[in-house]
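In what follows, every chain begins at residue 1, and chains take the letters A, B, ... in the order their sequences are listed.
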Amino acid sequence: MTDKRGKERIIIHIDYDCFYASVWENLRPELRTVPLGIQQKSILATCNYIARERGVKKLQLIKDAKAACPDLVIVNGEDLTPFRDASRSIFNFIAGTLVGTNQMERLGFDEIFIDVTALVDHNLALLLNSAPGDTFSFHLTLSPPHTTFPINLHNLPPYTHPSDSIPPSFSSLSLDTSGQAQPPETIRLLQRLYLATHLATHLRTLVKSTHNHTASAGISTSKTLAKLAGTINKPDAQTVLHPTTTQAFLDKFEIGKIPGIGRKAATIIRQLVNPLIEPEEQLHEEWFEDVKQKVTVLEVRTKLTQVDLARSPLGGTEAAKVWAWIHGLDDQGVGAKKTVPSQITVEDTFRSLTRAEAVMEVLDRLHSKMLSRMSSELVEDPEAAGGVGKKRWIAVPKTYRLSIRTRKHGFGNRVSRSMPLPSWVLSGVINGDNEGTVGRLSREMGWNLMKRALKEEGEERGWDLQLVNVGVAGIEGAEGGRRTIGEFFGGKGKQTVREEVAEVEEMDGEWELWEEECYVDGEEDEDVWGVCSVCGGRMLRFTLEAHARFHALEHSEGMDMDMA
DNA sequence: ATGGGTCCT
DNA sequence: AGGACCC
């Protein structure tokens, strides 16, 4: 690949320190000074740093953690609501701070990637065009109203990797640490990283002051490098990678630590590098054990060829990606800001679940949570926000899915079945009829899909569930926030009014067919009723299309700028 | 292990 | 529908 140093992206990766523990410490400040662990079933999902100093580890069994630290304070973290809320709040805050920066992607609840290339380039132009000085007002926004923060041009926030490889003074970036002049592309890249480093510090400071969470950050030229850089100094610290020493940095990592190279791929690669490793030894490694035969990126690079990787069970496509990543080449873009999830799932695990009655209770509980989350995450309620107007869908899921794991079927293996999401679920959410909808979901959807899955897996008799997961998926559109009515109907490349309505009917048609085969209890005939996918209104089906036109018009009056 | 998520095949 | 990956 050609040298394109002048065009490198600048990526910041932010990772909140022991996030679940930190959320609980904010909820209960008295927990801040004690060793704290967050329990999910029989394990500690995470723990605070006080607990870590006392020998408690992440993902440790509860009994082992208690043995290591008898006065460990344990709170239950099985309900993720507070973590999800805090995560979203911080993400939205950062998004609101960096107006105009749209490549901002969450990973899990506690990590964010931000592509700050445009923002940094904008600021570098401002800086280079301004009179030399000791400080510079960094512009956080790319469009008005502008907010800024001051940076000290003689001070670079810690840390750099390698240590002190980047001079603290902006004006000294043209020389390396031994006084050697740098190529212009390198100088410019260092200047951009310099600004991004100040920005990362500012963002971490803001997150601390507004949300009281400390965070670690990495600053580099790709997602992989930024994320790995952030692991060097933790907690409450950050690291910028010197751009010409990234290969040496990567070379020291164990191959399985590279993001994107998981357990399976790492096992394959380790065996290619060291065929003496007994396959059994690795396949039998437990989740809590460290890798026994560590293989570094350097070894993979120097002992194997890309062809070796491609001929392995990894396959050519994966091999090419891995080969690029370990050579510091990572094209993975930072995804566009997403404020609406693409799926909502709820699950619970069990030692043993065999009775139909117990299963129905579980389904009811899971469905109830599912509907609450659909309501809070997919429905906009102007009245709840202190305004006026009807509730409307921000984005609508297309499918319902049930996923289970049985004792017989074993460990990682989930089995799932799905079907189109019936419109009565949507109307139930809009109308706030959670009780009725929950019961119907469990009886008509969950239970039937579960029977189907068990039957098809040959477990009709004597089944024993270890996990039940339900959810809605196929939630499309709505990137970057509100989905307008114009996009719902007849938007660019989207569906027309007619097609959207037709889809609702076809969906119901499929459901009715399915119902005839599988449905057991009697229930009222519903097919003359339909639900508007915009406002959730329930109405006679033949009026739906006219009603949809009403929404389209309603929209064009208010938003005619967009409608052309 | 847990209770979530993502995207690709 | 499953599988790989991420936290």
Side-chain angles (χ1 to χ4, degrees), chain A residues 13-20 37-47 57-65 76-85 87-88 91 105-113 223-224 227-228 230-231 256-268 285-289 313-318 321-322 325 332-336 338 340-351 365-366 369-370 373 377 399 401-405 409-419 449 452-453 456-457 466-476:
Chain A
H13 176 258
I14 299 176
D15 183 336
Y16 318 133
D17 301 318
C18 43
F19 185 55
Y20 287 9
I38 313 298
Q39 177 174 16
Q40 286 175 333
K41 294 297 186 305
S42 60
I43 59 160
L44 274 193
T46 191
C47 58
K57 307 223 167 111
K58 278 201 272 188
L59 304 185
Q60 199 170 31
L61 290 170
I62 296 290
K63 54 174 183 173
D64 295 345
N76 187 291
E78 286 162 21
D79 182 354
L80 303 187
T81 307
F83 314 132
R84 187 157 39 227
D85 289 350
S87 173
R88 193 169 334 169
F91 182 81
E105 183 187 347
R106 270 205 294 173
L107 182 59
F109 287 166
D110 68 337
E111 296 183 20
I112 299 180
F113 290 97
K223 290 174 84 171
T224 299
K227 179 166 172 152
L228 290 174
T231 66
K257 300 282 190 203
I258 304 302
I261 304 180
R263 220 170 92 99
K264 305 266 180 178
T267 301
I268 292 167
E285 269 171 11
E286 299 286 346
W287 58 270
F288 49 82
E289 287 176 323
L314 223 49
T317 311
E318 282 305 300
K321 285 194 231 169
V322 166
W325 291 339
Q332 298 174 92
V334 176
K338 233 174 76 172
V340 175
S342 45
Q343 66 182 46
I344 292 174
T345 64
V346 184
E347 69 187 46
D348 202 354
T349 55
F350 316 91
R351 280 287 175 79
R365 185 162 42 79
L366 297 181
K369 288 189 185 176
M370 184 184 91
R373 285 186 48 201
E377 296 175 37
T399 58
R401 188 174 61 224
L402 172 114
S403 184
I404 56 174
R405 193 191 344 154
H409 221 77
F411 312 98
N413 304 333
R414 288 151 103 112
V415 168
S416 71
R417 294 293 180 272
S418 64
M419 47 184 265
L449 286 191
R452 209 167 93 192
E456 288 169 10
E457 297 297 320
Q466 293 191 318
L467 173 142
V468 178
N469 171 302
V470 298
V472 290
I475 306 171
E476 277 169 24

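- Applying the side-chain hydrogen bond (donor to acceptor under 3.5 Å, both in side chains) rule to Glu456(A) yields the partners Arg417(A); only residues at least two apart in sequence or on another chain are considered.
- Atom CZ in Arg263(A) sits roughly 12 Å away from atom P in dC6(C) (whole-Å rounding).
- Looking at residues two or more places apart in sequence or on another chain, you find a salt bridge (Lys or Arg N to Asp or Glu O under 4.0 Å) between Asp348(A) and Lys41(A), Arg365(A).
- When rounded to the nearest whole Å, the span between CD1 of Ile258(A) and P of dC6(C) equals 11 Å.
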Going 5' to 3' along nucleotides 4-9 of chain B, which nucleotides have protein heavy atoms under 4.0 Å from the base (write B), which only from the sugar-phosphate (write S), and which from neither (write -)?
SSBS--
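- Atoms CG (Leu59(A)) and P (dC7(C)) sit 11 Å apart, rounded to a whole Å.
- Residues satisfying the side-chain hydrogen bond (donor to acceptor under 3.5 Å, both in side chains) criterion with Asn469(A), sequence neighbours excluded, are Glu347(A).
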Take Thr81(A) and Lys369(A) through the test side chain to side chain contact (heavy atoms under 4.5 Å, CB included) and record every step on the way to the result.
CA-CA 10 Å; Thr81(A) 307; Lys369(A) 288 189 185 176; over 6 Å; no
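- Rounded to whole Å, the distance from NZ on Lys257(A) to P on dC7(C) is 10 Å.
- Among the protein residues, Glu457(A) comes within range of the sugar-phosphate backbone only, with heavy atoms under 4.0 Å from sugar or phosphate atoms but none that close to a base.
- Checked against salt bridge (Lys or Arg N to Asp or Glu O under 4.0 Å), Lys321(A) has the following partners two or more places apart in sequence or in another chain: Glu318(A).
- Put simply, CZ on Phe350(A) is 10 Å from P on dT2(B), counting in whole angstrom units.
- For dA1(B), the OP1/OP2 oxygens have no side-chain nitrogen or oxygen of Thr349(A) closer than 4.0 Å.
- When the salt bridge (Lys or Arg N to Asp or Glu O under 4.0 Å) test is applied to Lys57(A), no partner is found at least two apart in sequence or on another chain.
- Taking side-chain N and O atoms only, Lys264(A) has a distance below 4.0 Å to OP1 or OP2 of dA4(C).
- Between the CG atom of Asn76(A) and the P atom of dA1(B) there is a distance of 19 Å, rounded to whole Å.
- Across the protein-nucleic acid pair, Lys223(A) atom NZ and dC5(C) atom P stand 16 Å apart, rounded to whole Å.
- Between dC7(C), dG3(B), dG2(C), one nucleotide has an atom nearer to the side chain of Arg417(A) than all others, and that is dG2(C).
- Rounded to an integer number of Å, the gap from Asn413(A) CG to dA1(B) P is 11 Å.
- Aromatic ring pairs are classed by plane angle as parallel below 30°, tilted from 30° to 60° and perpendicular above 60°; the pair Tyr20(A) and Phe83(A) is parallel.
- Remark: Lys58(A) is not in phosphate contact with dC7(C), judged by side-chain N or O atoms under 4.0 Å from OP1 or OP2.
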